[in-house]
Amino acid sequence: MHEGKYALSTGYAAGVTPEELSEQVRGALSDLARSQGLTVDIPEVVHLERPRNRDHGDYATNIAMALAKSAGLSPRDLAEALCAVLSQWPGIESASVAGPGFINIRLDTAAQGELARTIVSAGEHYGHGTLLAGQVINVEFISANPTGPLHLGHTRWAAIGDAIARVLAAAGATVAKEFYINDRGVQMDRFGASVMAVAQGKPVPEDGYHGGYITDLAAAISAQHPEFALLDDAEQVSAYREAAYELQLAQQQQVLELFRTHFDVWYSERSLHESGAVPAGLQRLREQGHVFELDGALWLRTTDFGDDKDRVLIKADGEYTYFASDTAYYVDKRNRGFDRAIYLLGADHHGYVNRLRAVAACAGDDMDANVEVLIGQLVKITRAGEEVKLSKRAGNIVTLEDLVDEVGVDAARYSLIRYPADSPLTLDLEVITQHTSDNPVFYVQYAHARVCSVLRNAQDLHIDWRSADFEPAALSTEQESALLGALGQFPRIVAGAAELREPHRIARYLERTATAYHRFYDNCRVLPRGDEPVTEEHLARLWLCAATRQTIANGLQLLGVHAPERM
RNA sequence: GCGCCCGUAGCUCAAUGGAUAGAGCUACCGGUUUCUACCCGGUCGGUUGGGGGUUCGAGUCCCUCCGGGCGCACCA
């Protein structure tokens with residue numbers, strides 16, 4: 001770890017990050033086990049938390065209660081023994097037992113302050129880790145039909161999916177973001193027929209697409225391809241369908257880039273069939289022995305692995321089902337080298353979870369390790385309490401573009417990421433366009449801009465804090481300690497968000513950190529006033545500001561939200 | 001009928017089995033001759049839908065009931 005290196009090679013005060021502290025508790029446990037002959041299962045990571053009540057110290061752990069039974073000691077006795085060892089460590093001011101066996105740890109000021117230097121030198125890598133190192137993960141999301149604009153549900157996944165991918169990468173995984181283009185089947189034909197009908201001045205078929213964007217597509221295609229009108233009807237449907245497909249897909253791609261959600265792979269369902277991946281996938285399933293024939297159709301026995309019913313791969317009429325594409329697509333992802341395929345689906349597709357897991361198992365994989373399905377609940381938009389349902393472009397849905405037009409990319413992304421995906425969400429447009437503290441995205445961005453302003457002013461005063469001495473013990477106030485504590489949590493938060501696939505934890509963390517900074521700012525003067533000399537306290541606070549700026553910037557980066565230097 | 005998700009303050013929502021369940025908004029009270037007041041402090045607000053259980057400890061895990069959303073194709 002960086003801090004350790006500093007402590008040894010430069011003679012700076014030993015720094016204590018939560019990760020180091022966790023290691024120290026582990027070390028104390030094995031010391032105890034050895035010296036007292038205890039048989040305890042020492043966990044790989046000792047859970048440390050920041051107590052809500054600061055009277056309980058800087059950090060607390062419940063490890064003694066968790067291990068007491070296996071150690072054959074009472075929780076308090078085990079805790080006492082651990083505290084005796086921990087109190088000897090450099091950087092720890094005190095360790096004490098509380099309540100049923102909590103261990104409360106207080107760091108000494110200098111050890112805590114070292115963190116500012118650690119963060120500044122880690123720079124944009126601060127918070128990144130190796131929890132998922134070596135894993136190759138495919139994250140598939142949105143995967144809409146190219147038959148219209150992306151709607152609100154897609155938009156939620158665009159924001160969350162992208163953030164999940166960024167967070168997984170920060171935790172050390174190799175990640176590809178993938179969009180599966182549903183460009184095959186009757187929806188495409190209905191789409192083509194709808195555009196053609198409008199181009200010909202006829203009414204859109206009952207089962208067709210009715211949004212205003214169909215009119216725009218028809219007009220664009222008619223202008224570009226006047227020769228389509230000369231084709232016979234069957235050829236014309238196909239010509240309109242293909243031209244509209246191309247335009248609509250391009251529109252989705254452009255809007256997503258604008259939304260800062262970049263896909264590494266756009267995978268066409270058609271290409272799956274054209275490449276022979278479907279029969280290849282089928283072959284794989286046959287080899288595993290879960291394919292059977294019944295009533296003239298070919299089935300996959302997904303009920304072997306927890307699905308409600310078996311699924312048809314090839315219909316009695318000889319056509320592949322959509323499900324056949326799904327299975328082939330899964331096999332193809334694995335063949336492309338992904339250890340894990342993560343699917344992000346809307347709540348209306350939760351019935352697919354068991355099916356997809358069963359597909360993995362039928363292909364001979366581990367359905368717990370190789371496939372993962374996350375379900376996102378629906379989003380509702382209100383304006384002053386009234387639900388908004390109408391889109392400017394698409395009729396009775398709200399599109400990604402509509403939302404971005406209303407609130408901007410930063411507020412849209414942040415507001416969608418801020419809540420866990422599995423809870424239904426209602427966003428009020430009036431709230432997320434306000435530039436006040438009831439709108440957390442601006443609250444966090446403002447904290448960043450505020451830090452930047454202080455650092456700019458320091459530069460104007462020719463205070464070169466970077467090359468001056470840094471005295472970590474000068475960060476001694478309650479607010480400085482609280483801010484350092486918050487900054488130290490960041491790597492943990494990133495790792496947890498990655499492990500749980502919950503980027504909202506990053507957003508919530510940033511809000512807490514912003515609050516800690518604002519409190520610090522209100523109580524601790526950073527820069528010298530007037531003719532005051534520059535003290536080590538000023539310099540230390542500048543280091544703390546720089547560390548705060550870096551942490552907030554790194555966090556916002558994981559959410560795909562800008563960190564403005566001025567507001 | 002079967003299955004999945006949800007139910008936490010008036011509203012929108014947090015809380016990885018831990019200590020007194022937290023934020024923001026709303027209402028009210030206060031703070032800046034000083035680095036960005038888009039900020040900070042305070043007051044009011046709860047039987048975590050109900051009832052059982054598991055254990056040192058449950059908003060969190062299990063069972064059950066109530067309420068809401070969604071899904072149960074040889075459609076895509």
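Throughout, protein chains are lettered first and strands after them, A, B, ... in sequence-line order, and every chain is numbered starting at 1. Since this is a predicted model, take the numbers as computed values, not measurements.
- Distance, Q445(A) CD to U36(B) C1': 14 Å, rounded to whole Å.
- A sub-4.0 Å separation between OP1 or OP2 of U16(B) and a side-chain N or O of R505(A) is present.
- Exactly one residue among W266(A), Y329(A), F141(A), Y343(A) makes a ring pair (Phe, Tyr, Trp, His ring centres under 6.0 Å) with Y180(A). That residue is Y329(A).
- Residue R512(A) is out of contact with every strand shown, counting any heavy-atom pair closer than 4.0 Å.
- Not a single donor-acceptor pair under 3.5 Å links the side chain of E140(A) to the backbone N or O of E178(A).
- C38(B) and U26(B) have their P atoms separated by 15 Å, given to the nearest Å.
- U60(B) is unpaired under the criterion used here, namely a Watson-Crick or G-U wobble arrangement in which both key atom distances are under 3.5 Å.
- Contacts of A60(A) with the nucleic acid, taken as non-hydrogen atoms under 4.0 Å apart, include base atoms.
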Side-chain donor-acceptor contacts of residues 351-359 of chain A below 3.5 Å, not counting sequence neighbours, with atom names and distances?
from: R357(A); atom 1: NH1; to: M367(A); atom 2: O; distance (Å): 3.2
from: R357(A); atom 1: NH1; to: D368(A); atom 2: OD1; distance (Å): 3.3
from: R357(A); atom 1: NH2; to: D368(A); atom 2: OD1; distance (Å): 3.2

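- Ion pair E372(A)/R501(A) flagged as a salt bridge, since at least one NZ, NE, NH1 or NH2 atom sits closer than 4.0 Å to an Asp/Glu carboxylate oxygen.
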Ignoring hydrogens and angles, write down the donor-acceptor pairs under 3.5 Å from the side chains of residues 484-499 of chain A, residues two or more places apart or on other chains.
none

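- Across all strands, C524(A) comes closer than 4.0 Å to base atoms (heavy-atom distances).
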Treating primed atoms plus P, OP1 and OP2 as sugar-phosphate and everything else as base, which nucleotides of nucleotides 1-7 of chain B get B, S or - for protein heavy atoms under 4.0 Å?
--BBSS-
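- Counting non-hydrogen atoms under 4.0 angstrom, A449(A) reaches a base of the nucleic acid.
- Residue S453(A) is classed as a base contact, given a heavy-atom separation below 4.0 Å to a base.
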All N/O contacts under 3.5 Å from nucleotides 73-76 of chain B to the protein, with atom names and distances to one decimal?
from: C74(B); atom 1: O2; to: A316(A); atom 2: N; distance (Å): 2.7
from: C74(B); atom 1: N4; to: D295(A); atom 2: O; distance (Å): 3.2
from: C75(B); atom 1: OP2; to: K315(A); atom 2: NZ; distance (Å): 2.9
from: A76(B); atom 1: OP1; to: K315(A); atom 2: NZ; distance (Å): 3.3
from: A76(B); atom 1: O3'; to: R184(A); atom 2: O; distance (Å): 2.5
from: A76(B); atom 1: N6; to: Y352(A); atom 2: OH; distance (Å): 2.4
from: A76(B); atom 1: N1; to: Y352(A); atom 2: OH; distance (Å): 2.3

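- Of the side-chain N and O atoms in Y443(A), one or more sit less than 4.0 angstrom from OP1 or OP2 of C40(B).
- For the ring pair (Phe, Tyr, Trp, His ring centres under 6.0 Å) test, no residue two or more places apart in sequence or in another chain qualifies with Y414(A).
- Taking side-chain N and O atoms only, H504(A) has no distance below 4.0 Å to OP1 or OP2 of C13(B).
- Here, G24(B) and A9(B) have their C1' atoms 12 Å apart, quoted to the whole Å.
- Heavy atoms of R508(A) sit under 4.0 angstrom from primed sugar atoms or phosphate atoms, though from no base atom.
- Nucleotide G3(B) forms a Watson-Crick or G-U wobble pair with C70(B), both donor-acceptor distances falling under 3.5 Å.
- Across all strands shown, D183(A) has no heavy atoms under 4.0 Å from either base or sugar-phosphate atoms.
- Going from atom CZ of F520(A) over to atom P of U36(B) covers 13 Å, rounded to whole Å.
- The distance from atom CD1 of I493(A) to atom C1' of A15(B) is 11 Å, rounded to the nearest whole Å.
- For T551(A), there are no side-chain hydrogen bond (donor to acceptor under 3.5 Å, both in side chains) partners two or more places apart in sequence or in a different chain.
- Computed from coordinates, the Y521(A) OH to C38(B) P distance equals 11 Å when rounded to whole Å.
- Here A14(B) presents its P atom at 13 Å from OH of Y414(A), a figure rounded to the nearest Å.
- Using Watson-Crick or G-U wobble geometry with both donor-acceptor distances under 3.5 Å, C35(B) finds no partner in any strand shown.
- Counting to the nearest Å, the P atom of U16(B) and the CG atom of N62(A) are 14 Å from each other.
- Per the stacking criterion (ring centres < 5.5 Å, plane angle < 30°), F102(A) does not stack onto the base of G18(B).
- Nucleic acid contact for L425(A): sugar-phosphate only, since backbone atoms but no base atoms lie under 4.0 Å from a heavy atom of the residue.
- Nearest-nucleotide positions on RNA chain B place Y419(A) closer to the 5' end than the other of M65(A) and Y419(A).
- A search for side-chain hydrogen bond (donor to acceptor under 3.5 Å, both in side chains) contacts involving T147(A) returns Y209(A), not counting sequence neighbours.
- Whole-Å rounding puts the D522(A) CG to C40(B) P distance at 7 Å.
- Rounded to the nearest Å, the gap between the C1' atom of G31(B) and that of C66(B) is 48 Å.
- With S22(A) contributing its side chain and V46(A) its backbone, the two residues share a donor-acceptor pair below 3.5 Å.
- Evaluation of the side-chain hydrogen bond (donor to acceptor under 3.5 Å, both in side chains) rule for N182(A) yields Y322(A) as partners, not counting sequence neighbours.
- In this structure, R50(A) is positioned above the aromatic face of Y59(A), its NZ or CZ under 6.0 Å from the six-membered ring centre and within 45° of the axis.
- Nucleotide C11(B) forms a pair with G24(B), judged by Watson-Crick or G-U wobble geometry with both contacts under 3.5 Å.
- Residues N523(A) and G351(A) both approach RNA chain B. Their nearest nucleotides, taken by heavy-atom distance, put N523(A) toward the 5′ side.
- Among the protein residues, G496(A) comes within range of the nucleic acid bases, having at least one heavy atom under 4.0 Å from a base atom.
- Checked against side-chain hydrogen bond (donor to acceptor under 3.5 Å, both in side chains), T321(A) has no partners two or more places apart in sequence or in another chain.
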